[in-house]
Each structure stands twice: as C-alpha cells, then as structure tokens.
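Take a look at the structure set out below.
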Amino acid sequence: MCHIKQLGVCHDDLNLGNYLLTPVHKPNRMVLIDWAGATTRLPGETDQEWDDCVRYNNNWRETKRKICWKLKEAGLPIPAEVADWNVFQ
C-alpha cells in the first residue's frame, strides 16, 4: 500500500470484499479490486496534504487487520512480516 501512495494513488474503499485471494482453488496472492473511487494526487499538492488525504482514506491498522482476516479465513499462513503487525491485540 505504501508503494501505491508513492505513485500518487489512494484507494478509498478498503472493505473486506475488495480483497480477493487468487486463484480461487489454491490462492497464492491477494489482489485489491474496485479502484473506481480512487483518489489521485493533485498537481501542486504538498506532501503534507497528500499524507493527510491518504491517512483519512486508509486506516492502516484496519487495512492490516483485513489482510490478516482474509488470509486466516482462507486457512493460509500469515507471513512473518504481516504477523509482526500485532493486529489482533
């Protein structure tokens, strides 16, 4: 998600239904769908203004929780770098 922010794009609808595991029968990756309402960084927008926009539209703790939930729901292991997020505490 941080990489997307650096590209000047912010997804504004990070609900559980927009995280898909693929392929269906043996998932090995997660994709984020429904970019219709995404926000893009405006020309001349300061770093602080962009950071505020991204922070308003993306609650990182909730995003991490949703990713872990989807993995757990599918019976997939939670990678170490994700497990370090302590999102279930």
Side-chain angles (χ1 to χ4, degrees):
M1 294 303 291
C2 291
H3 181 66
I4 295 168
K5 173 190 166 194
Q6 292 170 350
L7 294 174
V9 179
C10 175
H11 195 294
D12 69 347
D13 187 16
L14 297 175
N15 69 68
L16 273 174
N18 286 337
Y19 295 89
L20 299 180
L21 294 168
T22 185
V24 174
H25 299 293
K26 191 174 180 185
N28 59 14
R29 68 184 176 130
M30 182 178 289
V31 295
L32 186 57
I33 63 167
D34 191 7
W35 291 84
T39 302
T40 56
R41 187 172 181 169
L42 300 172
E45 193 167 23
T46 67
D47 289 344
Q48 183 61 52
E49 289 169 331
W50 179 241
D51 286 345
D52 290 346
C53 176
V54 172
R55 195 172 13 265
Y56 175 78
N57 286 296
N58 298 302
N59 179 323
W60 295 114
R61 184 169 174 78
E62 282 303 309
T63 298
K64 294 169 189 175
R65 185 179 305 242
K66 290 170 187 172
I67 290 170
C68 288
W69 180 266
K70 279 297 227 189
L71 292 172
K72 189 175 180 182
E73 182 180 61
L76 296 171
I78 298 174
E81 61 270 15
V82 177
D84 290 343
W85 290 341
N86 296 319
V87 294
F88 294 111
Q89 296 180 352

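- Note: Lys70 NZ to Leu20 CG = 6.5 Å, rounded to the nearest 0.5 Å.
- Residues Leu14 and Tyr19 meet the side-chain proximity criterion, which asks for heavy atoms closer than 4.5 Å.
- If you take SG on Cys10 and OH on Tyr56, they are separated by 11.0 Å, rounding to the nearest 0.5 Å.
- The side-chain heavy atoms of Thr40 and Glu45, taken from C-beta on, include no pair separated by under 4.5 Å.
- Hydrophobic clustering (side-chain heavy atoms under 4.5 Å, transitive across Ile, Leu, Val, Met, Phe, Trp, Tyr) keeps Leu42 apart from Trp35.
- Rounding to the nearest 0.5 Å gives a distance of 6.0 Å between CD of Gln48 and CZ of Arg55.
- Put simply, CD1 on Ile67 and NZ on Lys72 are 15.5 Å apart, with the number rounded to the nearest 0.5 Å.
- With hydrophobic clusters built from ILVMFWY side chains whose heavy atoms lie under 4.5 angstrom apart, Ile33 does not share a cluster with Leu16.
- Under the 4.5 Å side-chain criterion, counting only non-hydrogen atoms from C-beta, Leu76 is not in contact with Asn28.
- For Gly37 against Asp12, the heavy-atom pair with the smallest separation is O-OD2, 2.7 Å.
- Between Lys66 and Asn18, the closest side-chain pair of non-hydrogen atoms is not below 4.5 Å.
- Residues Asp34 and His11 approach most closely at O-NE2, 2.9 Å, considering heavy atoms.
- The closest side-chain heavy-atom distance from Asp52 to Glu49 is not below 4.5 Å.
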